[in-house]
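Everything on this sheet refers to the single structure shown next.
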Amino acid sequence: GEDVEQSLFLSVREGDSSVINCTYTDSSSTYLYWYKQEPGAGLQLLTYIFSNMDMKQDQRLTVLLNKKDKHLSLRIADTQTGDSAIYFCAETSISGAGSYQLTFGKGTKLSVIP
Amino acid sequence: EAGVVQSPRYKIIEKKQPVAFWCNPISGHNTLYWYRQNLGQGPELLIRYENEEAVDDSQLPKDRFSAERLKGVDSTLKIQPAELGDSAVYLCASSHSGTPGEQYFGPGTRLTVT
């Protein structure tokens, strides 16, 4: 079955870079996603990468994909206190009903120390 | 543009009681999702609608859970009767059918069953 693994916690100092890692299992995933969840809120799509790419940059965010190792990472440059949140990695997979769905990891809680 | 709206935001009920959650998706999004998020976990899909049709309900516990999206816009999710293990955050999300991975989430309903 599909499984997405993430480390649960990450703590960085303000201004440093943060790197959040994720491993996934479904090699047929066409897109991989990063979502952000702030306390008491729903998830917010941050960025995504197509499976035939190995890197995507979007302002302070850099996504790296190693398809051979099924490893995905999200780098946040110049981390700010407002980046403190839970970050979810998600892979695309086919559900038991045969339709497209997202499978989320458990999330990495990023704490930014001022 | 208004985001995904959910109500209520919080609900506390005793076990064996019924409960209902309401969701209004982003205008123009014909795909609607209900997820359950347990503490410390990522969201898990319960049901997905394309317009008014439930196209994937394979993970919905049908003995006590039901959902409807009668006019292809608003949706309700019901639990009857609730059990202690149903305590969780229930998230609604919506997307265009052509970009199912780019989902927009509501703030969720936090359900506590006592």
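Just so it is clear: chains get the letters A, B, ... in the order the sequence lines come, proteins before strands, and each one is counted from 1. Heavy-atom basis, side chains included; hydrogens, waters and symmetry copies ignored. Just so you know, these numbers come straight off a predicted model, no measurement behind them.
The neighbour count for Phe65(B) CZ, taken as heavy atoms of other residues, nucleotides or ligands under 6.0 Å away, is above 12. Residue-environment remark: CG (Leu39(B)) stays at or below the threshold of 12 foreign heavy atoms within 6.0 Å. Surrounding CZ of Phe50(A) are more than 12 heavy atoms belonging to other residues, nucleotides or ligands, all under 6.0 Å away.
For Tyr35(B), the part sitting under 4.5 Å from any heavy atom of chain A is the side chain, from C-beta outward, and nothing else. Residue Gln37(A) touches chain B through its side chain alone, counting heavy-atom pairs closer than 4.5 Å. Within the 4.5 angstrom heavy-atom criterion, only side-chain atoms of Arg9(B), from C-beta onward, approach chain A. Using a 4.5 Å cut-off between heavy atoms, Gln103(B) contacts chain A through both its backbone and its side chain.
In this structure, the separation between CD on Glu102(B) and OH on Tyr31(A) is 8.0 Å, given to the nearest 0.5 Å.
For the pair Leu102(A) and Gly101(B), the tightest heavy-atom approach, listed with the atom from each and the gap, is CD1-O, 3.7 Å.
A continuous path of Ile, Leu, Val, Met, Phe, Trp and Tyr side chains, each step under 4.5 Å between heavy atoms, connects Leu10(A) with Leu61(A), placing both in one hydrophobic cluster. By the rule that hydrophobic residues join a cluster once side-chain heavy atoms approach within less than 4.5 Å of another member, Ile47(B) and Leu45(B) end up as members of separate clusters.
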